[in-house]
Amino acid sequence: VLDEQPLYYGLDRAVVSGGLTGGVFGGAGYGVSTVQAVQSTARVSNAFDDLLAATKTSSSKTVGEIPGTVEDAEAYFRHMAKPGTIQPHRGGIEGGYEALGPDNLIIGFRPSSTSGPPTIDLDQLYRAGMSPWKKIKFKP
Amino acid sequence: VYVLSEEEFQSEAAPALHRVFAREDPWHKPFADGVEVRRLLYLVHADLEDLDYPLLDALVSVATGLGDAGFYVSIIERPLPESEWSWRQDWHWYLPFAEVEAYGTLGGALSQERTLYSPSGRWGLMISHEDHALLGGEAVFFAAMREAIPGFDNIGQVQLFLSDWRYYKTEYGADVSWIPDLLSHVYGAELAEKMLEDAAFKYLL
């Protein structure tokens, strides 16, 4: 089971928000490792909303873009994933995962993509009208 | 609709697939030798929606005219034999045209790189993670497709494809070295060269 030790399940929302958005946007300055070390019983449930709010459209209207590292991308992914559902990526993509996300729709994480950056795949959420982007790329 | 096991795919569907595509790889020269017409389409989303034209409807109509009664769908990114995957073990389907709406219900399959292809091997459509698609087939198939959707395969979309990859190169440092070979594979060396020049792409290589 790959998510026996989830990075962000149960973390305090304020801390995670500071960690994620601070890490991504250089605001509060919490690094991923700092966030990993913090424990809380409160389940963070709106990482997806946070991700959408922080994402801008890139060169393609269905591709979102957000500043961040591979660690940020994986953090968002694990934060959005329902506990117990993270699986290796079907395509055998090294370091890639898929999981059930919001509304039990499949989300994916690829540490790198053909176009370069780490990517969160949101195809099902896009088709369900829950995300304006099919994928979100983390721009280094 | 029925699901094919990997063994059934190999015996029943793969021979048709390999008439159009020699390899399941939308990035590196996938077309089989002898495929008469080849085109790159962009942007083509997994569900074949969000296009300015009804691609799936046209495929069904044209393929019906060629004598097909359905098409296969195969996920390119199949798991390694030793990997574990507990959600779904289906990687190949046959969809009769009478049930074509089932294409949109394949769920997670639509998140993967995949190929739609004719049981007769007369046409095939391969769709990548980055929303480019490669369509190949007989000249008669393309003639009918152009009749159904005039201009659907115009090369203007190649310029959009190159524009996006220029962005990926400059913003993300993406590897674009595969693009000239792919375009040459699809359009021939001379036209590919012109496309790259027109898009001011060559300086990136």
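Chain letters run A, B, ... following the sequence lines, proteins first, then strands; residues in each count from 1. Quantities reported herein were computed from a predicted structural model and do not represent experimental measurements.
- Atoms OG and CG, on A/Ser59 and B/Asp164 in that order, are 4.0 Å from each other to the nearest 0.5 Å.
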Checklist entry - Between B/Glu171 and A/Lys137, is a salt bridge (Lys or Arg N to Asp or Glu O under 4.0 Å) present by the stated rule, with each step listed? => result CA-CA 11 Å; B/Glu171 296 296 318; A/Lys137 295 178 182 295; over 6 Å; no
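- You'll find the side chain of B/Tyr168 reaches within 4.5 Å of the side chain of A/Val63, heavy atoms only.
- The structure places CH2 of B/Trp165 at 11.5 Å from OG of A/Ser60, a figure rounded to the nearest 0.5 Å.
- If you take NE2 on B/His129 and CG on A/Asp121, they are separated by 6.0 Å, rounding to the nearest 0.5 Å.
- The side-chain heavy atoms of B/Glu130 and A/Ser113, taken from C-beta on, include a pair separated by under 4.5 Å.
- Ranked by heavy-atom pairs shorter than 4.5 Å toward chain B, the options A/Pro117, A/Ser112, A/Gly116 are led by A/Pro117.
- The environment of B/Lys29 atom NZ is sparse: at most 12 non-hydrogen atoms of other residues, nucleotides or ligands sit within 6.0 angstrom.
- When side chains are defined from C-beta on, A/Lys134 counts as touching B/Asp131, because their heavy atoms get closer than 4.5 Å.
- Atoms OG1 and NE2, on A/Thr114 and B/His132 in that order, are 8.5 Å from each other to the nearest 0.5 Å.
- Annotation: B/Glu8, atom CD; neighbour count of heavy atoms from other residues, nucleotides and ligands within 6.0 Å is above 12.
- Looking at every heavy atom in both residues, B/Ala174 comes nearest to A/Ser115 through CB-O, 2.8 Å.
- Heavy atoms of A/Ser58 lying under 4.5 Å from chain B belong to its backbone as well as its side chain.
- For CD of B/Glu190, the number of neighbouring non-hydrogen atoms (other residues, nucleotides, ligands) closer than 6.0 Å is 12 at most.
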